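Below is one structure, written out as structure tokens, with a few remarks after it.
Each residue takes its place number in the sequence, starting with 1. Note that this is a predicted model, so its numbers are computed, not measured.
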Amino acid sequence: MVSLPQPREVVGARFFTSHQAAVVEAATARIAPGPQDDPAEAGHPGAREAGVTGYIDALLGALEALDAPGAPAPVIFAGGPWSSRRGPGPDHPASFLPLDPVARIAWRQRLAGWREQYQEGIAALDRLAGGDFAQAPPAEQDKILAKPDMEAFLSLLFEHTIEGLYANPEYGGNQGRAGWTDIGFPGDSQPRGYAGAEVERSDGRDPVGDQPVVADVLNFLGEV
């Protein structure tokens, strides 16, 4: 049996306060529940196990220190050295590429909009929960997230949750390759990539459709 990564401690890092991180942790866990959130997900990691909140926090705070002297490149575009996760050899973390002036302006605007949406969305979740969304029962959290007023924020949160589950671990999510392990993806192969024959060759029936979280997401999308 595959050992699942443990849920990460919720702390504010680059952008979120500790309370905001706890609210986002709770909300993303309703979108992609793990064993801690739903007994039916035993053996299947969710947002908590994959560190989705840390991924979102790192994304929203990616440009915080961009203008500081000697600041590292923001966690936006991974550039290598490439990993060999799929085959033998070391698993190197990626370095990140600096942004050119045009990309810097574009990302500042994009992130400013997302940051505002998160600030307002978290406040709205707390308000609808009567104080602290993270402390509300799961069934109540689901009802709050499904309210029409939360539709725009839920759409953004869903997008970032899926990214945090399945994007390359270098970006801060998919910790312990939790999302990849759950869907049976062996990992990226860089810089070689996958040959055409490898892409076309079937490994058998795709087990992804059997995963409860996939079925739940598809049902949820049909109701939104």
Side-chain angles (χ1 to χ4, degrees), residues 4-16 20-25 27-29 31-32 34 44-66 68 71-87 89-100 103-115 117-118 121-122 153 155-194 208 213-214 217:
L4 297 181
Q6 296 301 307
R8 267 56 182 181
E9 181 182 1
V10 178
V11 294
R14 299 188 181 187
F15 176 70
F16 292 136
Q20 289 173 330
V23 171
V24 171
E25 180 95 342
T28 57
I31 294 173
H44 301 288
R48 295 184 196 274
E49 290 75 22
V52 165
T53 300
Y55 164 79
I56 298 172
D57 184 70
L59 175 63
L60 297 178
L63 302 187
E64 283 292 282
L66 185 61
V75 185
I76 298 293
F77 297 122
W82 300 109
S83 79
S84 55
R85 276 185 281 259
R86 189 173 183 273
D91 185 359
H92 296 293
S95 60
F96 290 87
L97 304 177
L99 301 180
D100 62 46
R104 183 179 300 199
I105 292 171
W107 273 99
R108 281 199 187 282
Q109 292 177 339
R110 183 179 294 116
L111 290 175
W114 287 345
R115 287 159 69 106
Q117 282 183 272
Y118 271 95
I122 292 168
F153 180 57
S155 178
L156 178 66
L157 195 62
F158 176 84
E159 176 183 345
H160 287 164
T161 298
I162 298 305
E163 289 176 1
L165 269 171
Y166 301 115
N168 278 29
E170 284 82 5
Y171 291 100
N174 193 12
Q175 294 184 8
R177 308 180 203 175
W180 288 352
T181 299
D182 196 38
I183 63 174
F185 178 56
D188 52 348
S189 179
Q190 298 287 358
R192 184 182 74 85
Y194 292 91
V208 174
V213 65
V214 175
V217 166

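Across all non-hydrogen atoms, the minimal contact from Val75 to Glu170 is CG1-O, 4.2 Å. The heavy-atom pair separating Pro169 from Arg177 by the smallest distance is CG-CG, 4.4 Å. Heavy atoms only, all atoms of each residue included: Asn174 and Ala178 are closest at OD1-N, 3.1 Å. Considering all non-hydrogen atoms of both residues, Thr53 and Ala21 come closest at CG2-O, 3.6 Å. For the pair Ala47 and Thr161, the tightest heavy-atom approach, listed with the atom from each and the gap, is CB-CG2, 4.4 Å. The minimum heavy-atom distance between Ala62 and Ile76, with the atom names listed, is CB-CD1, 3.9 Å.
Side-chain N or O atoms of Glu49 include one that pairs as donor or acceptor with a backbone N or O of Gly46 at under 3.5 Å. In this structure, Asp57 contributes its side chain and Phe15 its backbone to a donor-acceptor pair below 3.5 Å. No donor-acceptor pair under 3.5 Å is formed between the side chain of Asp182 and the backbone N or O of His44.
Separation of the Tyr171 and Phe96 ring centroids falls under the 6.0 Å cut-off.
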Note to self: Is there a side chain to side chain contact (heavy atoms under 4.5 Å, CB included) between Phe16 and Val23? Walk through the geometry before answering.
What the structure shows: CA-CA 10 Å; Phe16 292 136; Val23 171; over 6 Å; no

Check: What do the steps show when you test Leu111 against Leu59 for side chain to side chain contact (heavy atoms under 4.5 Å, CB included), and what is the final call?
Finding: CA-CA 8 Å; Leu111 290 175; Leu59 175 63; 4.2 Å; yes

Check: Run the side chain to side chain contact (heavy atoms under 4.5 Å, CB included) check on Ile31 and Val52 step by step: do they pass?
Finding: CA-CA 11 Å; Ile31 294 173; Val52 165; over 6 Å; no

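By the salt bridge (Lys or Arg N to Asp or Glu O under 4.0 Å) test, Arg115 is found to be paired with Glu64, residues two or more places apart in sequence or in another chain being considered. Every side chain to side chain contact (heavy atoms under 4.5 Å, CB included) that Ala29 has, sequence neighbours left out, goes to Asp37, Arg48.
The line from CG of Asn168 to OH of Tyr55 is 10.5 Å long, rounded to the nearest 0.5 Å.
Thr28 places none of its side-chain heavy atoms less than 4.5 Å from the side chain of Leu165.
Using bins of under 30°, 30° to 60° and over 60° for the plane-to-plane angle, the ring pair Tyr118/His160 lands in the parallel bin.
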